[in-house]
Structure formats: structure tokens, C-alpha cells
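Because the structure is predicted, anything quoted here is derived from the model rather than measured. Both counts, for ligands and for their atoms, begin at 1 and track the order of listing.
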Amino acid sequence: MTDHFRVVVIGGGIVGVSVLYHLARAGWTDIALIERAELTAGSTWHAAGGFHALNSDPNIAALQSYTIDLYQQIEKESGQAVGLHRTGGVELACTPERWEWLKSEWALFQTLDIDARLMGVEEIEAMFPIVNLDGVEGGLFDPQEGHLDPHGATHAFAMAARKLGAKTILRNRVTDLTQLPDKRWRITTEKGDLIAEHVINAAGLWARRVGHMAGIDLPLVPLEHHFLVTDSIPELAALEKEMPSVTDLDGFTYLQQEGTGVLLGVYERNPVHWCPQGAAWDFGMDLLPEVIDRIEDELLIGFERFPVLQETGIKRWVNGAFTFTPDGNPLIGPVPGLHNYWVACGCMAGFSQGGAIGLALANWMTEGDPGFDVFGMDVARFDSYACNDKYLADTTRQFYARRFSMAYPNEELPAGRPLKTSPCYDALKSEGAHFGEIWGMETPLFFVPDDPDFTEVPSLRRSNAHPIVAQEVAATRTSAGLFETGIYARYEVSGPGADKWLNHMLASRLPAVGRIRLAPMLSPAGKLMGDLTVSRLADGRFWLVGSYFLQKWHLRWFHEHLPKSGVRIENLSESWLGFSLSGPSSREILCELTNADVSNAALPFLSCQEMNIGMTQAVVARISLTGELGYEISVPAIQQRALWSALCTAGEPLGMRQMGLRALDSLRLEKAYGSWGTEFAQSYTPGMSGLDHFVAFDKGDFIGRDAAAREQESGASQKLVLLEIEATDADAAGYEPIWAAGHRVGFVTSGGYGHHVGMSLALAYVDREAAAPESPLSVHIVGEERVARVLAHAPYDPAGKKLRD
Ligand SMILES: Cc1cc2nc3c(=O)[nH]c(=O)nc-3n(C[C@H](O)[C@H](O)[C@H](O)COP(=O)(O)OP(=O)(O)OC[C@H]3O[C@@H](n4cnc5c(N)ncnc54)[C@H](O)[C@@H]3O)c2cc1C
């Protein structure tokens with residue numbers, strides 16, 4: 001007889017057992033984990049078992065904190081020791097700039113309530129007797145850091161899950177997956193078939209292969225990783241208390257005490273992939289041969305930082321493999337396009353993240369919502385482009401080699417580029433475009449038309465591109481700026497049921513034919529799922545416009561809610577491209593290129609029309625993120641180059657300039673306009689973000705209505721405000737804490753310099769009490785506290801006259 005389960009988890013590493021445990025804890029106990037060999041038999045058994053709360057993605061840092069806090073509980077629930085050593089740990093800064101960076105990181109962790117603190121050189125010397133302090137400027141101490149026994153932790157999760165009713169099936173490999181006509185999964189194993197409603201791919205080193213069983217590819221690939229373990233070190237043996245862990249960020253090594261010796265791990269700068277399609281099915285619990293020559297340079301730095309290693313014997317070497325994704329974060333969630341196929345893989349820090357992955361996935365499966373903003377780990381943050389072998393190899397190598405590198409807010413990295421380019425790419429490049437990359441798409445950041453050798457220097461402060469951006473802002477405010485809208489996603493929704501369906505999906509009222517509305521989209525819990533604009537081009541034909549990088553995520557959401565018939569969605573994001581033309585001269589430029597009436601009466605603010613622009617057939621939307629009179633013009637991609645030429649010919653005599661994303665950011669901040677990923681995200685609500693102005697509570701039912709209505713009644717506890725900051729050389733970048741009379745009252749979502757108004761500006765969520773205009777606040781920017789005040793209105797054209805004239 002075939003066994004049936006509600007859920008089958010494939011893979012018994014630290015991630016799979018955590019998922020199993022969290023599902024059982026949520027009350028889903030008719031579940032099983034199936035493991036090819038023994039629990040831990042992938043990357044888990046030979047890991048160093050280190051964990052820490054710090055992560056440059058604040059949402060993920062919060063989840064890491066959860067994972068760490070769980071270990072004691074899991075030990076208690078299971079009765080299995082996890083070998084917890086919560087020693088704390090320090091990250092060293094060995095250059096003045098790194099020290100400045102660590103101070104900014106520290107400020108950021110305060111936003112998250114992560115209990116980290118800065119440490120001076122004397123304190124480091126006292127706490128870490130084997131560290132050579134040459135060049136050390138200071139450190140950031142994380143009291144949550146430590147290490148544990150990977151075997152004990154994995155078995156503890158499994159035992160706790162079994163106590164709640166879950167099953168673990170060992171020494172039985174899954175060989176195939178088939179979706180049955182009733183949508184359940186047949187799981188073929190070496191010892192027979194199982195049937196399950198849901199499958200979860202937690203197959204670690206084999207996850208790509210297990211993906212292939214269901215016809216999908218996953219953007220993850222294994223890389224090798226070395227550490228060594230030494231004999232006893234007298235200085236450590238003499239300590240009364242275990243020495244905390246040390247990460248030498250500028251030296252590419254981490255060190256933790258192991259007995260009375262140490263474990264030293266290396267993030268090599270020339271990392272090497274291993275079995276890119278996944279380990280062989282019969283790969284045992286084996287180590288890879290160590291390749292010491294390859295890591296010699298990093299080891300030499302390590303042996304200088306910890307000189308005692310020069311005279312200590314090495315007891316054992318470990319070279320093992322673990323998986324990486326292009327951005328280093330795991331892949332979790334429902335795979336778009338497949339019913340009840342979930343992933344929990346691509347995890348390179350299982351002991352920092354495994355607990356939280358289990359929690360988020362269990363919430364998602366049992367309640368329909370992960371419960372946190374997990375976009376940074378969501379499998380839908382990538383599309384198939386990221387599964388290309390070369391793209392994966394280049395981006396994962398870059399991530400690994402830069403694991404301990406400083407990240408600058410204005411930095412653009414080279415791997416996997418250029419991949420997606422618009423037909424205007426070369427033309428924009430010849431105009432001096434410097435590009436950034438969003439979801440594989442090259443998008444202009446700024447233009448340097450007259451200096452082909454210009455290079456932007458990565459900086460924590462305002463960069464050498466600052467004056468160039470100022471010129472683009474000035475041109476847009478006085479004449480016109482032309483911005484390529486490759487970073488927009490466009491979806492056409494059509495059919496007899498389109499109206500009804502969109503009314504259910506969107507929280508706003510729908511526009512009349514030829515009109516546009518801003519349309520928040522909500523989850524059932526009343527959290528933001530989108531900040532779209534919706535245009536009704538004709539009866540039963542709508543366009544939705546949103547962020548390019550959310551395509552897969554949005555389409556998964558749309559398809560989950562699509563009725564069986566009557567509504568058609570077409571993703572036009574790459575088949576239609578365009579430009580945003582904005583500034584006081586933009587109507588004059590447009591008039592030169594069309595016979596259509598584009599007067600304010602015929603094409604007012606928030607209206608749209610199909611018309612010819614030059615030789616192209618365009619959809620023109622009278623809308624702009626710059627706060628100026630403006631038009632977003634979309635054409636079939638194949639006509640984009642012709643559109644650009646026409647706009648340049650008409651616009652340049654009137655002073656129009658090409659403009660990049662940086663200028664757009666400055667212009668939108670002067671208008672206090674939020675954008676997705678900073679002000680608007682899954683963890684925020686309409687009431688917090690101000691998007692409640694666009695919610696039509698009286699239009700009837702829509703997703704998230706009840707939760708949003710409850711928030712309207714009680715009032716949101718935090719509000720989005722615009723701050724002016726007294727900063728002269730650096731601007732806020734995001735997540736900096738905000739203080740009022742010594743109390744933390746909020747955090748920055750995004751910031752920058754308002755070039756036209758001459759102010760350092762930041763959008764921020766602050767407690768309701770601190771949101772009143774002129775509230776005196778302070779903000780940490782690059783480690784320094786700066787005076788800030790809440791602005792009552794956007795500093796540029798607060799009445800919105802320019803947009804409407
Ligand atoms: C040398 C080294 C040191 C490390 N140190 C640390 C550290 O200090 N801290 C940290 O957080 N992380 C560390 N890591 C990374 C950590 O090991 C991984 O993040 C973690 O183990 C990943 O766990 P997992 O459950 O996703 O995958 P895995 O451990 O690979 O588990 C996957 C499981 O799935 C099973 N499986 C696969 N296919 C099938 C199938 N078809 N049927 C049934 N079962 C299947 C496998 O047998 C395996 O047991 C280190 C890694 C290495 C290599």
C-alpha cells in the first residue's frame with residue numbers, strides 16, 4: 001500500500017529538519033522527511049557550525065537572530081544536546097574606512113534591535129589573547145555569535161519533530177517526482193512510492209537535481225570551502241572562559257575556539273565550483289582533498305593575524321562543498337508555475353538561517369503567508385536567466401570572493417553583465433551612460449557625455465558622480481529629462497472578467513477608459529503586495545505597471561488568484577519598452593512628434609492614450625515620478641530605438657538631457673514619493689506608507705480589505721515621513737536608526753541629496769508621536785549622528801501644480 005502524507009520534505013540536512021520541525025509545531029503532523037543516506041549527509045555534517053546574527057540584509061539579520069534563539073529551546077524540546085557555545089564574536093576592522101563602515105553597520109543593527117556593540121583595540125586585546133593587533137582600528141562585537149555541533153543540532157530538530165508526530169525515513173533516495181492529475185505528488189523512491197499533497201525540496205547539494213525531477217532549474221551551485229583545526233594552544237588552554245570567535249574581514253578568515261585549539265576558515269578570493277549540477281547520487285559522507293596552494297595567500301594573512309598558528313600543529317583539514325545563489329541568500333517558497341512544490345535550499349549559512357527558513361516556510365504553507373518580509377530569500381526573486389550555468393558560475397564566484405568585502409551603497413559589481421540590454425543600450429552608452437543592473441537588466445544610472453574615462457569611485461559618502469547627477473536634475477527641472485523605463489514591468493490584463501478580477505486584486509477603484517490610478521495591492525493580512533499603476537486602455541483591457549524585478553513574484557501572485565476563465569494576463573515587460581519624458585518642456589517636445597492632441601485638456605494628468613510618436617505606435621501615460629509635467633511612453637521593444645531617436649531630435653534643441661536612475665531618485669525624494677523595495681514592501685501597510693489614500697474602502701470586497709479597514713480604525717503605529725537632514729558630505733542610504741531625545745523612534749527607508757532644493761533628504765518610518773512636522777530628530781549617517789527634522793510637505797512643488805499644468 002502506498003503511504004500518503006500531507007507534506008514530504010526531501011533532504012535531512014539542517015534546513016530540511018528545521019522545516020519538518022516548524023511544520024509539526026504549526027500542527028501539520030501528517031508529514032515525513034525522506035533522506036537518501038543519514039541525517040546530515042550533505043553539507044551539514046562537516047560544517048564548522050558557526051552562527052551569527054549580523055547580515056547586511058536587515059530582514060535576514062532579524063531571521064538569523066530567531067534561528068540562534070531557537071537552539072536552546074530545541075535542545076530542551078528534543079532532549080538532544082546541540083553543543084551550543086554562545087561565545088559572542090567580533091568582526092575586526094583593519095583599515096580606517098572599514099572601521100567607518102563597521103560603525104555604520106552597528107548603527108544599522110540598532111534599527112533591528114540586534115544587540116551588537118563597538119569594541120576598542122584595548123578591549124579586543126584583553127578578550128582575544130591570540131590576535132595580532134597590527135592595523136586593527138576596532139571591532140564590532142555580536143554577543144549572539146557562537147558555534148554548535150552540526151550533528152547534534154540536526155538530530156535535535158528531527159527528534160523534536162518526531163515527538164510532535166512527524167516521520168523521518170532514512171537510507172531511501174527519492175528518484176523521481178510526478179504530479180498526478182489531482183495535483184498531488186507521486187514521490188518515487190528506491191523503496192517504493194509515496195503520495196503527498198506538498199513536496200519540499202530541501203536537498204542541499206542535490207537540490208538542482210531534485211528540481212530537475214519536477215522540470216525546473218534552480219539558481220544554485222556548490223562551491224568548495226576549507227577550514228583547518230589545530231592542536232591545543234597554551235594561551236587558550238589557560239583561559240578560564242572560551243574565547244569568542246573572530247572574523248578578520250580584511251583578511252578573509254574566521255576563527256573559532258575548538259576545544260583548546262582553534263578552527264580557522266578561509267573565504268578564498270579565487271573560489272572553485274564543485275559539481276555544478278549537484279553532487280553525484282552516490283556521493284557519500286566524504287571530504288574533498290584539501291588544496292592548500294590555492295588558499296596559501298589567505299592563510300598567510302591568517303597566520304599573521306593569529307601568529308600563534310605559526311607554531312601550532314594542524315590536526316585536520318576540511319574541504320567540503322555547500323551551495324550558493326547569485327546573491328548568497330537561500331531560495332525558499334512556492335516555485336512559480338508548479339502546484340505545491342516548495343523549496344528550502346541554496347542555503348550557505350544553515351546554522352545562522354536554517355531555523356528561520358523553517359519558520360517562514362511553515363507559516364507560508366500553513367497560513368498562506370511567511371509572516372515576515374522574506375523577499376530577500378524568495379525563490380521568485382530570480383527568473384530563469386539566473387539558472388544559466390555561466391551566469392551562475394560568475395555571480396556565485398563573485399559573491400563568495402567578496403563574502404567579507406565592504407559593500408558601498410553606490411557600488412555596481414561586474415559579474416553576469418551585461419545580460420539583458422534594451423535596443424537603445426549601445427546608443428545610451430555612446431551618450432556616456434554608466435549602467436547599473438536590476439534583475440539582469442542594464443539600466444542607466446547617470447550619463448557622462450564628455451569624459452569616456454570617468455569612473456565612479458565606490459564610497460560611503462557622496463561620490464564623484466554627485467555633480468553629474470546634479471546636472472541631470474537641473475535639466476529635468478528647467479527643461480526636460482529622458483529616462484529609460486527598462487526598470488518597469490508591464491502586464492496587460494484583458495477579457496470579460498478583467499474588471500471584476502482587478503477589483504478583487506487591487507485595493508483602489510479602477511479608472512475609467514483612458515485614465516490611470518495608483519493602485520496598492522494587498523495581502524489578506526493587509527500588507528503591501530504591490531504599488532502598481534493601473535490604466536484602462538479600453539473596455540476590458542488594462543495595463544498594470546510595477547517594478548521590473550518583481551515580475552516573477554507578481555505573476556506568481558496573479559496566477560494563484562486567476563479564475564479558470566475570463567481573464568488573460570500577458571507579461572509585456574520585455575516586449576514593450578520605453579522612456580519617461582518629464583520636465584516643463586516635455587509637452588512641447590511631444591507636440592513635435594505627434595498629431596494627437598496632447599494639450600492639458602485632451603491628455604490631462606493621470607490619463608493615457610494610444611498614439612503615434614514619430615514613427616512609433618505608443619501608449620502614452622501622463623504620469624511622472626519626477627514631480628514635473630511628464631509622460632511615460634511605451635512602445636513595442638523593436639521600436640524603442642526609433643522612439644529614442646525621435647525624442648532626442650525633438651528634445652535636444654530645447655535643452656533635454658538623458659537622465660539616469662540616480663537623478664530620478666533625487667527628483668522623487670524632493671516630492672516625497674516612495675518606491676518599492678524601500679518605502680513600500682511586504683512588511684508595511686497602507687496606513688503606514690500613506691498608500692491608504694488610494695484605497696477605496698467603499699468599493700466592495702477586495703483582498704486585504706478587512707485588515708486594512710482595521711488598521712484605519714486603530715491608526716498605524718508608524719508613519720512614513722520625509723526628513724531633512726543636516727548632512728554635508730554623505731546622505732542616508734537606508735535602515736539608519738532615527739532618534740528623538742535618546743530614544744529610537746524609527747529608521748530610514750531611503751535617502752539621497754535633493755539637488756534642486758539643496759537638501760539632504762530621507763524617507764523614513766517613525767513612530768506616530770515622532771511624525772509631527774518639525775519634530776526634532778537625529779539620524780546616524782556613516783556612523784555620525786546628524787540633526788534631522790520632519791518636513792510638513794515635500795520641498796518641491798508641494799501642491800503638485802507642475803504635474804497637473
Ligand atoms: C566546510 C564547510 C564549513 C561550513 N561552515 C558553516 C558554518 O560554520 N556555519 C554555517 O551556518 N554554515 C556552514 N557551512 C554551510 C552549511 O553546511 C550549509 O549551509 C548547510 O549544511 C546546508 O544544509 P542543507 O540542509 O540545505 O543541505 P545539506 O546538508 O546538503 O542536506 C541535504 C540533504 O538532502 C539529502 N538528499 C539529497 N537528495 C536527496 C534525494 N533525492 N532523496 C533523499 N534525500 C536526498 C542529502 O543526502 C542531504 O542529507 C559550511 C559548509 C562547509 C562545506
S352: numbered ligand 1 atoms lying under 4.0 Å from its heavy atoms: 11 (O)
Cationic N near anionic O, under 4.0 Å, R381 to D327: yes
No-hydrogen, no-angle side-chain donor-acceptor test under 3.5 Å, E268 and H226: yes
D69 with R86: basic N within carboxylate O range, under 4.0 Å: yes
Pair R171 + E38, salt bridge at N-O below 4.0 Å: yes
For W206, the ligand 1 atoms whose distance to one of its heavy atoms is below 4.0 Å: 37 (C), 38 (N), 46 (C), 47 (O), 48 (C)
Those atoms of ligand 1 less than 4.0 Å from some heavy atom in G42: 28 (P), 29 (O), 30 (O), 48 (C), 49 (O)
Ligand 1 contact on C345 by region, counting heavy-atom pairs under 4.0 Å: neither
The one among N172, D176, V15 that brings a heavy atom closest to atom 24 (P) of ligand 1: V15
Closest protein heavy atom (residue, atom, distance) for atom 2 (C) of ligand 1: H225 CD2, 3.6 Å
Heavy atom of the protein closest to atom 5 (N) of ligand 1 (residue, atom name, distance): A48 N, 3.0 Å
Which residue and heavy atom of the protein sit nearest atom 28 (P) of ligand 1, plus the separation: S43 N, 3.5 Å
Option whose closest heavy atom lies nearest to atom 47 (O) of ligand 1, chosen from H147, R173, E35: E35
Short side-chain donor-acceptor distance under 3.5 Å, S245 and H147: no
Check: G350 N/O within less than 3.5 Å of ligand 1 N/O: yes
Centroid-centroid distance, Y267 to H225, less than 6.0 Å: yes
Atom indices of ligand 1 within 4.0 angstrom of G49 heavy atoms, with elements: 7 (C), 8 (O)
Shortest protein heavy-atom distance from atom 15 (C) of ligand 1, along with the residue and atom involved: F322 CD1, 3.1 Å
Sidechain N-carboxylate O distance under 4.0 Å for E77, R25: no
G12 to ligand 1, any heavy atom closer than 4.0 Å: yes
Min N/O separation V174 to ligand 1 under 3.5 Å: yes
Donor-acceptor pair between S65 and Q144 side chains, under 3.5 angstrom: yes
Separation between CG of D231 and CD of E258, rounded to the nearest 0.5 Å: 12.5 Å
Donor-acceptor side-chain pairing of Q179 and H339 below 3.5 angstrom: no
A321-ligand 1 polar pair, N/O distance under 3.5 Å: no
C347 neighbourhood, listing ligand 1 atoms whose heavy-atom distance to it stays under 4.0 Å: 18 (C), 19 (O), 22 (C)
Heavy-atom closest pair, residues L112 and A61: CD1-CB, 3.8 Å
Which of the ligand 1 atoms, numbered from 1, are nearer than 4.0 Å to a heavy atom of A202: 32 (C), 34 (O)
Shortest protein contact, atom 50 (C) of ligand 1 (heavy atom only): A47 CB, 3.7 Å
Minimum-distance protein heavy atom relative to atom 43 (C) of ligand 1: R36 N, 3.0 Å
Heavy-atom closest contact (G42 atom, W206 atom, distance): CA-CZ3, 3.6 Å
Shortest non-hydrogen separation from V379 to P334 and the atoms involved: CG1-O, 3.6 Å
Atom 23 (O) of ligand 1 [closest protein heavy-atom partner, distance rounded to 0.1 Å]: T44 OG1, 3.4 Å
Within-cut-off N or O pair, A37 and ligand 1, under 3.5 Å: no
For ligand 1, the portion of I34 having any non-hydrogen atom under 4.0 Å away: backbone
Electrostatic pair D193-R184, nearest N-O below 4.0 angstrom: no
Test item, W281 contacting ligand 1 (heavy atom, 4.0 angstrom): yes
Numbered atoms of ligand 1 (with element) below 4.0 Å of G320, judged on heavy atoms: 53 (C)
Close aromatic pair by centroid cut-off 6.0 Å: F372 and Y66: no
Top protein contact for atom 9 (N) of ligand 1, by heavy-atom distance: G50 O, 2.8 Å
Ligand 1 contacted by F227 (non-hydrogen, < 4.0 Å): yes
Distance filter under 4.0 Å to G13 heavy atoms, resulting ligand 1 atoms: 25 (O), 29 (O), 31 (O), 33 (C)
For F157 against V17, the heavy-atom pair lying closest together: CB-CG2, 3.5 Å
